[in-house]
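Chain naming here is simple, since letters A, B, ... match the order of the sequence lines and numbering starts at 1 in each. Every heavy atom of this structure was used, including side-chain atoms; hydrogens, water molecules and symmetry mates were not. Keep in mind the model is a prediction, meaning the values are calculated, not measured.
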There are 2 protein chains.
Amino acid sequence: MMAAEPIRDRRAERREATKTEILDAAWELVRAEGLAALTLRDLAAKVGMRPPSLYSYFDSKNAIYDAMFRQGNLELLARCEALPEPEDPLDALRASGRMFVEFGVEDPARALLLFLRTIPGFEPSPETYAIAVRIVELARTRMSRYGIPADYFDLWTSLVSGVVWQQIANEPGGDRWTRWVDDLADMFLAQVNRR
Amino acid sequence: MMAAEPIRDRRAERREATKTEILDAAWELVRAEGLAALTLRDLAAKVGMRPPSLYSYFDSKNAIYDAMFRQGNLELLARCEALPEPEDPLDALRASGRMFVEFGVEDPARALLLFLRTIPGFEPSPETYAIAVRIVELARTRMSRYGIPADYFDLWTSLVSGVVWQQIANEPGGDRWTRWVDDLADMFLAQVNRR
DNA sequence: GTCTATATCCAGATAGAC
DNA sequence: GTCTATCTGGATATAGAC
């Protein structure tokens, strides 16, 4: 007797596709109008629905923010895992700095959602927050493998995020701050080696 | 004949006092509820008025944000001007870094209003924005007096603001990032002297 | 200057027919 | 799953009496 083909749940697939479509539209809206300006009306209009229909896919507006928070962190986690691991610590720092800065400035609304708490009622669910924690742990582990003392990790994150926020706030789309990222790695390593 | 006493405009004084009172209440609200959560209802309630009465003092909600933006920048400007100017560049950098970091973390809502653009409809008026520009010019001038090349100014601002945002986002009220500010000055000067 | 009353609009969310 | 209709509440802002 032949093994039965695995049966695809076409309904579930379709549902997931629609959820993805809604989230894509939400990202477009926040990129264009700002993170706080997202409304279910606009979102529904963008995907060709009436607002109540969105509730078939997400329980609330905050559930949408939560899904976006999750997507953003998964994307960042993927980029962290895809990072090369060269022998030279300086090369490694530069690569990770560039990656993170690029991630931050390429989508300011996403950076605001992921890294600052600016939406009044929203807090990520524990499951999605766990992804953010994994990212930090991964970065921390990598640094220690390069022999950098653990307490310097915080210093490094502040250097990188400083570049991101200054660039976003003062010259979105430009490189007046992002171009410092390689020097940042120099400075940082020199400081680490100083003691 | 005796010179006439200068006549105080008691009505105008009273009016200014009320405006100040409203702004004080607004600061309290945004500190407690977040910058975006400010509403005229809450604000009026806090000063013992009905919402329409606020329009006797401010033309619109954005005018209130603008006045707050102005106040915040005036405060920062005053602190910049009050900064000591020691001979040693390192001491000067440390003092300015500490001052700025303290200013940022002591009121996250104010930092958000002044340094990031997070309120959808709000843009500061040219007059108030001019104050922010003066602050930057002042800091820039000071740095050049200490012999630091002009292009390093951006680097320094990113170092300091990185500490501020990381502290605000991840441990408001703590010092896990702010305590790095002296090292930041070391690192920065070392990098400047390297070339 | 402050109030009541109201205009206008928009938000997130729910009920229930189809 | 999607819709229409509606609820409920809140926002900024204005008109006009006192």
Interface polar pairs with nucleotides 1-4 of chain D, N/O, under 3.5 angstrom:
| residue | atom | partner | partner atom | Å |
| --- | --- | --- | --- | --- |
| D/dG1 | OP1 | A/Arg15 | NH1 | 2.5 |
| D/dT2 | OP1 | A/Tyr57 | OH | 3.3 |
| D/dT2 | OP2 | A/Tyr57 | OH | 2.6 |
| D/dC3 | OP2 | A/Arg50 | N | 2.9 |
| D/dC3 | OP2 | A/Ser53 | OG | 2.6 |
| D/dT4 | OP2 | A/Arg50 | NE | 3.2 |

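Near DNA chain D, meaning a heavy atom under 4.0 Å away, there are no residues from residues 27-38 of chain A.
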Contacts under 3.5 angstrom, residues 167-175 of chain A side chains, donor-acceptor by atom type, not counting sequence neighbours:
| residue | atom | partner | partner atom | Å |
| --- | --- | --- | --- | --- |
| A/Gln167 | OE1 | A/Arg176 | N | 3.2 |
| A/Gln167 | OE1 | A/Trp177 | N | 2.7 |
| A/Gln167 | OE1 | A/Thr178 | N | 3.2 |
| A/Gln167 | NE2 | A/Glu171 | O | 2.6 |
| A/Gln167 | NE2 | A/Glu171 | OE1 | 2.8 |
| A/Gln167 | NE2 | A/Gly174 | O | 3.3 |
| A/Asn170 | ND2 | A/Gln166 | O | 3.1 |
| A/Asn170 | ND2 | A/Gln166 | OE1 | 3.3 |
| A/Glu171 | OE1 | A/Asp175 | N | 3.1 |
| A/Glu171 | OE1 | A/Arg176 | N | 2.9 |

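Not a single ring-ring contact (aromatic ring centres under 6.0 Å, His included) links A/Phe69 to another residue, sequence neighbours left out. Applying the side-chain hydrogen bond (donor to acceptor under 3.5 Å, both in side chains) rule to B/Arg10 yields no partners; only residues at least two apart in sequence or on another chain are considered. In this structure, B/Glu87 has no side-chain hydrogen bond (donor to acceptor under 3.5 Å, both in side chains) partners at least two apart in sequence or on a different chain. The side-chain hydrogen bond (donor to acceptor under 3.5 Å, both in side chains) test applied to A/Glu75 returns A/Arg79, not counting sequence neighbours. Partners of B/Arg134 according to the side-chain hydrogen bond (donor to acceptor under 3.5 Å, both in side chains) rule, which considers only residues two or more places apart in sequence or in another chain, do not exist here.
Here salt bridge (charged side-chain N to carboxylate O under 4.0 Å, His left out) pairs that include residues 42-60 of chain A, with residues two or more places apart or in two chains, are A/Glu28-A/Lys46.
In this structure, B/Phe58 places its CZ atom 14 Å from P of D/dT12, rounding to the nearest Å. If you take CG of B/Asn62 and P of D/dT12, they are 10 Å apart, rounded to a whole angstrom. Distance A/Lys61 NZ to D/dG10 C1': 13 Å, rounded to the nearest Å. If you measure from atom OH of A/Tyr55 to atom P of C/dA15, you get 12 Å, rounded to the nearest angstrom. Distance B/Leu54 CG to D/dT12 P: 10 Å, rounded to the nearest Å.
The pair B/Asp186-B/Arg94 meets the salt-bridge criterion, with a side-chain N (NZ, NE, NH1 or NH2) lying under 4.0 Å from an Asp/Glu carboxylate O.
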